[in-house]
Amino acid sequence: MISDRLKRNLKKEFRNSLLAKVGVFLMLLVVLSATFAPLLAPHNPTQTNPEQAQLPPLGFESERETSEFVDGEVQTVSRSVEGSMEHPMGTDAVGRDMASRILYGARTSLLVGLIGSAVAAITGVTVGLTAGYYGGRIDDGLMRFADVMLAFPSLVLAVALVGLLGPLTVPIPDPFVTAGLADGMPETFVFPVTVTLVVALVNWVWFARIARGEALSLRQEEYVKAARSMGASDGRIILRHVLPNSFTPILVLATIQVAAIILLESALSFLGFSGTNLSWGFDIAQGRNYLATSWWIASIPGLAIVAAVIGINLIGDWLRDALDPGIEGESGGM
Amino acid sequence: MTDHDEPHDDARRTDDTRRTDDTRRTDEPLVSVRGLEKYYYEQDTLIDRLLRNDPVSIKAVDGVDFDVYPGETLGVVGESGCGKSTTAETLMRLREPTGGSVTFDGEEVFEMDGDRLSEFRKRAQVMFQDPFSSLDPRMTAGQIVREPLEIHGVGTREERRERAADLLERVGLSADQTDRYPHEFSGGQRQRIGFARALALEPEFIVLDEPVSALDVSVQAQVLNLLSDMQAEFDLTYLFIAHDLSVVRHICDRVAVMYLGEVVEVGPVDEIFENPDHPYTEALLESVPRADTDERDREVTALRGDVPSPRNPPSGCSFRTRCPKVIPPDEVDLPQKSYTDVTTLRNRIEREGLDLEFVWEFAGDPDREDTAAFKETMREEMFDSFDADFAGEDAAVMDEAFDALAAGEVETAAEILRERYASVCEAVNPELPDSTHPAACHLRDQPADVREAVAAWEADDGAAAGGAVGDGAPAEDAGSSAD
Amino acid sequence: MSLAKFLVRRSLQGLFVIWGVVTAVFMLRFVTPGSPVDFVAPLDASPELRARIAAELGLDQPMYIQYLDYLWGLLQLDMGYSYISSTPAAARVFARLPATIELAVAATVVAIVFSIPLGVISATNRHEPADYAATGFSLVGISTPNFWLGIMLVLLVSVQLGWFPTGRRAIGFWPAVQLIWQEGTLAGIVVWLRYITLPAITLGTYFTALITRLTRSGMLDELGKEYVRAARAKGLPETLVRYKHALRNTLIPIITILGLQLGTLIGGAVITEAVFTWPGLGTLVIDAINSRDWPIIQGSLIVIGAGFVIVNTIVDGLYAYINPQVVYE
Amino acid sequence: MVDDDIPSTVATSEEDLLRVEDLETRFFTEEGQVNAVDGVSFAVRESDVFGIVGESGSGKSVTALSLLDLVESPGRITGGHIWYRNADLAEEHRERTPEAVDGDFVDVLQLSEGQRRALRGPSFSMIFQDAMSAFNPSLTVGEQIAEAVEVQRRAEANPRSVRSKTQGYGLGSYLSGLVLPQRDFVNRQSKLEAIELLEKVGIPDPAERADEYPSQFSGGMLQRAMIAMALAGEPDVLVADEPTTALDVTIQAQILNLLKDLQAETDMSIVLITHNLGVVARMCDRVGVMYAGEIVERGTLEDVFDDPVHPYTQGLLGSVPDLDRPGDRLHPIKGNVPDLIDSHMDDRCYFADRCPKAMERCLDPPGERQVGGEHAARCVLVDGEYDESEALADGYFEGSTAGDAAASEGSTADAAAEEATSDD
């Protein structure tokens, strides 16, 4: 679906734009972390170790209060701890390695983001193209339904649905561990199914709206009229003419939606609704209780989210600039 | 409606091939359009029904008749919004008609389905106006030309490929350009690709919807020549939609002139251009600036005003609001120019809403006291030569009307003027009579039923002084019953 | 079409959507696994007791009766009684509403005050340091999860510097204003400001960033249009070209986008409330979900949904008022 | 780029109001440098209509914008002079910038930006092709015309020397105008004048129409309103860029009649940009034919239409079907308009690749040659007849430019200007 011209534009835009390069770099970082987390992680991210709890990141110091026997009495002693290579990003309240948790957290964010966005896109585009192409009552019905969906803030709806349906998760065996390449790492990866479906459910409307708008205007294009005058079936017209020509804005929206969904997932995890404890949002919620003593537990996962989302947004801008130079863009759709 | 031309197979228009003999045409029309209507409705949603808003109909095409004979090029001309493109798209079944019928080679197009529709889609093609939007930007030239063949399952993959290459070459592109995308071609070349696509299924009939209006003149000439050559070579019948009269004159055999959703005049191209029968056609021709050094000194009387909105079309003849030749009633004896001024004033009052406040201000009396000044302003501003032309009864009626206006009684003024000056043009809608060069104008021959309606109106006018007929509704019935 | 007709039409549409919202919220209970009885009845309740509780809650009726009952109740602002506290749900929901509205309005004010000048500066100084700074800020702003931003603000500004409280709401805006003329003291407003500042910034940052982006690109778009060229051709001062012509047309569509973004604003408010333990609808709805307190869940969701529709209807009306061409189209 | 050695000064006249000399406007786009206007010279006489005719991408619209200094980034006027005769202005600048003054003529391009801006309205004004996009959709038509009136009123209220400074209507003034109606830029008097202007251009019920928005106007009425706006400053030169292209013929006839009447009434000069040879014939006294950024032929209307020398002019006239004398096949010009990208343009006569009479001599860029009187053309055929022995071989240019030229119509000069402004 990506023609030579679009490829050329993408390349040209990439060469000219520093921001596009930064975006691709950040995204690569997240994708590589997510994929090779078991190989890259220094520790098992779920392994607790009270001895090593609340260690600061490399290069930082932290005062820690411990109970020690001094002169036969239990006393609270303040002691300075330094970050070490052992735990480059420090450890959390129960001594789990932050660096490993960040790497594994990328998996959750990325998988939920990509699969959620894909499910939303497929549903929304199918509905939207049909409604826009046929118009009339089908279209009216969809648009009123979309209005109702839009009336619920996606976060509120997601919280309600996940909270009420309960967090279903599926353990997926980790191929690296199965292959014996990463001993000591978690054997399965916990994929939050409910969260993924719910984020898709609350976001498909955006795709439907964009696809509908595209279909409505493409329906008026002379090449679609020409195809009809030649006797092409509706199915053929939608698949051969309407879908390919609405692909660009849908792709741009899908990209932005990955970012939106990562933010949504982290918010759900933060509120404790996600069902997995290997998530950036979950760690922020944990770290929130230790702000006064261990700032890094809440800060570092947040930075990871910001970096990932910036990366995706930059890629979205790059795609939009490259794919849509002349066309009046509906700016993002959200 | 029959035409008087012989069939021909050479579309190149040189003077010796021009057909001027008067023998009636014996062959059957390839395409025959009768009473074609396409209305759109506004304010027709559920909420409007709840609010009891009446749907507003927009009569984009309002009872169009014409025939296209095998081998000829019928031009359809008119200004934007006259319904010419809608007519073309409706007759090709790209839009659902509101009424009327279209036959193609004797078969009713609107009743076709399945194989018969598919056959029609093969034999009749459309070529569109916009070189940018008529080709799918994601398909190569080759794919575009192959598409109709694929849809109708013509030939093998290899045969289709060859045929597409052959077609592209015929329309003047080279074989190595088949894998290029539309944006790699210039506007003229894109139109050639669109034409090759229309030719792919070896159709008999092609609707050319403004095929050259988006092109520069030098390129336009290339494409026009191509269209002529291909018509001669493949024995094609064209319906040529255009707004550019010189192009129409160049390429068409017969011409239909459209105004506000109706055909107002049809005839052989030379007759239309040299002896136009309808005042609109005449005005259209006069308006075109000629590329000639004498042009600067040619006196051009431009039509007044704008085309009325199709939401609120005028009663009777749709052209009467702009027509310089509106027919005065028998008892009125004014020069045409002054009568036209009266009709303009009446249009302002009845249809557009005259801004009295501005007249008062213009008269230098915003407090609305000096009626004499008001009347003076009306006479000066609305009329060319009031004092010379209006006398006796006319002067009295006008004076009475101005008095009413000065008093703010717009309805009364309208009534006073209508009573004396109502024209047959606003009462009865003229139709196209059955002839080789018909015009829908009361100044020309009219079909018997229109003549009857006129007679009835005149009788009624004489008796009731024209009051009731002027509002158009009953008159329009009289007109449309003639279908 | 006249403006009045347009407004009537738009309001009817809004009512229709609100009805959809109510229906959707009502249906939610029937697609959720488990019965409310499980949460209300004691763990060891006998079947008889469970049946009695169900009857008391009206759950033994057919679905359509329950639906009609609920609709009828809503028309009288009756949302049933909380399963947990047995107080009227409507009272609890409306008691929490002002806090959320205050937060949302404060955040919007923050956003508008900062974003539009930033966007204009950015667009009129294209490719200059100010533009890069504004673009950079807006990129980071739309990419930062607001709950994390809130926590970081608490960490830096409250915990480290101690400038603002870490959370909660000490006084409502309206009581604070009343103090001014009742007691003649500004102390109430000052306290109100101290407590709302961090939540408002937390919630407003995303919108500041978003509107900055929209203003910048919209303004660049408008400045490239023919009417701007025509305005310059007639010799109009550049100030008027920019602000009277281009900025005006930039802001008109942004108003609509903001209406649609109200959902994101309320969603953001929910989580911001969770971070700052702000006693609004968000904290109410999260608690209610955790305890399956259906009347509260339904009531809050309906108020949020209906609020969204009402605000959007008003926005559309305003839009039509300042930009009459939409009515004529 | 090496240009011709013959200076392009043709028959200067006492009555010249505007003398454009070697004007160059370029666009610096990502595809490369686009020479939209490439050494254009012409003169406009007082109360004369000068037509610039050419196809899309010939650079005619950019020429129009250059006259008013409205070329926007990435475009820039890179060279040439626009001499404008205005005794007052010349007097004012004689001391300060003597190099910009020549007799009563002032070189507009050598003035400061503020001074040039002050000339828009009273000296130069412009009407655009598409009135619907040239009006701000969210302000009433009357308000927008009143702005033009107000600009003029304020300019007159202040002595000429500080005129550019009165442009300083700052953000503060604007904001206070929003709050206090009496501080608004447009006052009641200019609104009334706007209504009078609407009346003057033949809009019925002008007081009512002044309060309507552009979308409530028909195309023809809005074009009239734009003419009213352009006339507000009583300009010396009205630049009309395709003023009737978007209109139907009957409305076009109205607008052309209106322009003729107004010109007769006000004695202004008009520079009329169009692709329609009929419009040129109807309106113009003198004509320049533009091709690929150059004026290839110019002279009086009779010179150019009855006696064309340049094969492009001949081809253009031969391409138009004649309304009154239908007949033979049309004689189009083969090929397509070049894209004006500097690196694609060989240093030669730009028309040679499409010219039926191209000779080896055409491979050098031809300078402008006098045909006689005011008639001049950039073509070697002025010097002597076509010589078949020197003809370029068929297909001489193929391969080198044909493909590129075809691919590039979208990025011709006007399109480049368009893209440049809409690009984010």
Side-chain angles (χ1 to χ4, degrees), chain A residues 1-9 12 129 133-145 147 214-251 322-328, chain B residues 45-47 85 88-89 91-96 112 114-115 117-140 143-154 179-184 190 193-194 197-198 200-201 203 206-207 209-210 214:
Chain A
M1 288 211 203
I2 295 188
S3 70
D4 293 346
R5 173 163 68 137
L6 299 181
K7 275 184 207 150
R8 260 207 320 276
N9 280 346
K12 195 180 80 187
L129 286 187
Y133 182 76
Y134 287 103
R137 286 188 197 291
I138 304 176
D139 186 33
D140 283 350
L142 168 87
M143 286 326 285
R144 291 294 86 76
F145 183 62
D147 284 348
E214 288 292 315
L216 266 181
S217 73
L218 288 173
R219 190 168 66 152
Q220 302 298 327
E221 290 285 327
E222 287 181 348
Y223 57 79
V224 170
K225 282 188 200 163
R228 284 173 56 209
S229 78
M230 291 182 287
S233 64
D234 290 342
R236 182 191 170 93
I237 292 174
I238 293 179
L239 287 178
R240 296 291 298 269
H241 296 289
V242 180
L243 181 61
N245 283 294
S246 49
F247 185 68
T248 302
I250 291 170
L251 182 67
L323 302 185
D324 240 5
I327 305 162
E328 66 276 29
Chain B
T45 63
L46 187 68
I47 285 179
S85 288
E89 290 183 7
L91 83 85
M92 288 300 292
R93 265 189 83 168
L94 293 175
R95 294 168 191 263
E96 282 303 306
M112 290 177 179
D115 288 347
L117 181 60
S118 170
E119 189 60 24
F120 171 68
R121 294 280 186 228
K122 260 176 101 164
R123 293 173 64 190
Q125 295 291 323
V126 195
M127 176 183 172
F128 288 98
Q129 165 179 11
D130 185 346
F132 289 90
S133 120
S134 60
L135 308 179
D136 188 330
R138 312 245 166 174
M139 289 174 129
T140 63
Q143 285 172 332
I144 288 167
V145 178
R146 284 201 295 277
E147 184 171 30
L149 302 170
E150 281 169 21
I151 290 170
H152 289 275
V154 179
D179 291 329
R180 293 197 180 177
Y181 287 90
H183 70 93
E184 298 175 73
R190 274 189 282 248
I193 298 170
R197 173 175 63 187
L201 291 165
I206 303 183
V207 172
D209 189 355
E210 306 246 17

Heaviest contributor of heavy-atom pairs below 4.5 Å to chain A, chosen from Asp136(B), Ile151(B), Asp209(B), Ile144(B), is Asp136(B)
Cut-off 4.5 Å, heavy atoms of chain B, and the answer for Arg228(A) is both
Here the pair of heavy atoms bringing Arg197(B) nearest to Ala226(A) is NH2-CB, 3.4 Å
request  = Answer yes or no: is there a donor N or O on one side and an acceptor on the other, between the side chain of Ser133(B) and the main chain of Glu222(A), under 3.5 Å?
outcome  = yes
Derivation of the side chain to side chain contact (heavy atoms under 4.5 Å, CB included) call for Arg138(B) and Leu243(A): CA-CA 11 Å; Arg138(B) 312 245 166 174; Leu243(A) 181 61; over 6 Å; no
Under 4.5 Å to a heavy atom of chain A? For Gln129(B) that would be both
Between Tyr223(A) and Ser134(B) the two heavy atoms that sit nearest each other are CB-O, 3.3 Å
Honestly, the part of Ala124(B) sitting under 4.5 Å from a heavy atom of chain A is backbone
When the 4.5 angstrom heavy-atom criterion is applied to Met139(B) and chain A, the contacting part is side chain
If you tally heavy-atom pairs under 4.5 Å between each of Met92(B), Gln125(B), Glu150(B), Glu147(B) and chain A, the highest tally belongs to Glu147(B)
Heavy-atom closest pair (Leu94(B) atom, Ser229(A) atom, distance to 0.1 Å) is CD2-N, 3.6 Å
